[in-house]
Structures are given as C-alpha cells and as structure tokens.
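Notes follow once the structure below has been shown.
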Amino acid sequence: MKLVAEGKTKKVLFDEGARKYFLEFKDDITAFNMVKHEKMKGKGELNCGITAILFEVLKKNGIPMAYVKKIDEKTIEVRDVKMIPVEVVVRNRAYGSFLKRFNFKEGEEFKKPLVEFFFKDDEKNDPQLTRELFEFLDIANEIEIKKMKAYALKINEILKEIFKKIDIVLVDFKIEFGKNNDNNIILADEIDPDSCRLWGKNGEMYDKERYRKGLDGVMEHYNEILNRLKKSARLTI
Ligand code: TMP
Ligand code: ASP
C-alpha cells in the first residue's frame, strides 16, 4: 500500500495492484488546528465504525459518495476523488463559531438550517467563503456551490433523523465534497463525532467539543454513539 496523503486524523492509501483507494482512521485527536493534539487508543476504530454506518445510510438514500465499503476496523475503501478544499458546515442550532459572529442564545434552535462554506486552510484558520470568493479563487462554480448546498441540506435531514432515533440532537456538522472522474460532486471525507456536535437530551456532549473543552470521557462518549447507532441499525434492517 502506498501512502498518498496524510492528514491530522486520517491517511489516504493506494493499493497499486488492485488500483483501489483507502482511508485509514488514525488514533490522533486534535483541536484548534493542532494547538491541542494527542493520541487516544481506539479512536480510529470508533470514528471508522461511526462514519461507515452513517455513510451506508446516506448511500441508501441516494447521496453520491466516495465511500465504497468498510474494509477493516479502521479502514474504508473510497473512490478516486479530487477534493474541493472547502468545509461545508450545516447548523441547526446556534453554537461554536456562529456565536462568535452573531448574537444568538447558545443552543437556540434555528427556524431553518444554515449552510456555510469555509476555505480549508489551517494556517489561515479556515476563512469563510462568499460567492465572490468562490469565483475569485476559482474553487467552484455557481452550479457546484448550489449542488453542495442541496446535498448538505439533504444530508442534514437524513442525519437528524438517524440521531433523533438514538436520542441525540444534531447541533451542527462539517462535511467535505470532491469531484469524481466524471467531474461530478460527491460526498467524501468522514462524518463522526470529530466533525459533528452531538448533544444528549440533557445537553451532554458526545463529540469532540469534550476534547476542545478539556472534559473527560471523550472516547467513552464516542463509543456510546457507535453502540447506539449499531443497535438502531440492527433494529431498522
Ligand atoms: P464551528 O462552530 O467551530 O465553525 O464548527 C462547526 C462544525 O464543524 C462543528 O460540528 C465542528 C465541525 N468542525 C470540523 O469538523 N472541523 C473544523 O476544523 C472545525 C473548525 C469545525
Ligand atoms: N479540526 C481542527 C483541528 O483539529 C479544529 C477543531 O476541530 O477544533 O485542529
């Protein structure tokens, strides 16, 4: 296996014989663009398991995606994709960087979901993108932006439903898209507690915000999400 790329929490691998790509989930956890960074044993497996379950449901619901299938405890097979350097954030409630910019009550539910785009650049702290910047920086055209927004909203509806079934509120999440060989926009990357805000009924946090805030039990809470999703997936099959 050839290492194609390595990020903070994942590796992209290429099997030259089979000509297949794989995403391997690492045990690293980071926050505030590597200001905090450590390894948590088993994290790769938890995020891989959660991403695979969520992607399977999204696939069944017709979302075009790079995800092919889960290979082993920390690896998924993915299609060849050229990543678009954009973080697409969907928010159902006011939290995180939204609260730093706008005067809403913490946790307040929005009348409708908000979709925001940020340029992927750790050094510059992922600046927010406008339509003008998309065009100016030649990141994506109008049709592609509209497609990403429409997919993001559809994904939000599906994810909200999945999490509601396991008594979790989907506060917000981040997804990334890429282009396949036919130049079509497809969902890529991961969806797991690293990239979502997930609240229990009493407001308990089941996601990476625990690590950002220095709360204990990060892996226990990720594990709880995986176990509830597994149980729920068994019931619906
Ligand atoms: P934000 O409120 O900090 O902008 O985060 C919005 C969502 O995006 C939240 O669910 C956490 C997720 N996220 C990432 O996945 N990666 C990141 O680098 C950041 C800043 C947020
Ligand atoms: N994803 C960024 C990091 O890992 C920022 C964050 O999630 O807080 O450093």
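Computed from a predicted structure; not experimentally measured. Start at 1 and go down the list; that is how both ligands and their atoms are numbered. Just the heavy atoms: all of them, side chains too, but no hydrogens, waters or symmetry mates, feed the values below.
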Test item: D192 side-chain N/O and T51 main-chain N/O as donor-acceptor pair under 3.5 Å
no
Given E87, E209, K120, K174, identify the one with the heavy atom nearest to atom 17 (C) of ligand 1.
E87
Please work out whether any backbone atom (N, CA, C, O) or any side-chain heavy atom from C-beta onward of E116 is under 4.0 Å from ligand 1, and answer side chain, backbone, both or neither.
neither
I'd like to check whether R91 has a polar contact with ligand 1, where a contact means an N/O of the residue lying under 3.5 Å from an N/O of the ligand.
yes
Would you verify whether the NZ or CZ of R228 falls within 45 degrees of the ring axis of F163 while also being under 6.0 Å from that six-membered ring's centre?
no
Protein contact to atom 3 (O) of ligand 1 [nearest heavy atom, distance to 0.1 Å]:
R197 NH2, 3.5 Å
Using the ring of F25 (Phe, Tyr or Trp, six-membered ring only), decide whether K43 places NZ or CZ under 6.0 Å from its centre and within 45 degrees of its axis.
no
Please classify the D172 to ligand 1 contact at 4.0 Å (heavy-atom distances, strictly less than): side chain, backbone, both or neither.
both
Which of the numbered atoms in ligand 2 are below 4.0 angstrom from a heavy atom of R212?
6 (C), 7 (O), 8 (O)
Test of understanding: given a 4.0 Å heavy-atom threshold, classify the contact between M34 and ligand 2 as side chain, backbone, both, or neither.
backbone
More than 12 heavy atoms of other residues, nucleotides or ligands under 6.0 Å from CG of N103: yes or no?
no
In the complex you have, is atom 9 (C) of ligand 1 within reach of the protein, judged by whether a heavy-atom distance drops under 4.0 Å?
yes
Quick one: does any side-chain atom of D27 pair with a main-chain N or O of G44 as donor and acceptor, under 3.5 Å?
yes
Consider ligand 1: state whether an atom of it lies below 4.0 angstrom from any non-hydrogen atom of Q128.
no
In this structure, atom 4 (O) of ligand 1 is nearest to the protein heavy atom S97 OG, 2.6 Å
Transitive ILVMFWY side-chain link L114 to V89, under 4.5 Å
no
Between D194 and N47, is there a side-chain donor-acceptor contact under 3.5 Å, judged purely by atom types and distance?
yes
Contact with ligand 1 for K208, non-hydrogen, under 4.0 angstrom:
no
Can you classify the ring geometry of Y21 versus F14 as parallel (below 30°), tilted (30 to 60°) or perpendicular (above 60°)?
tilted
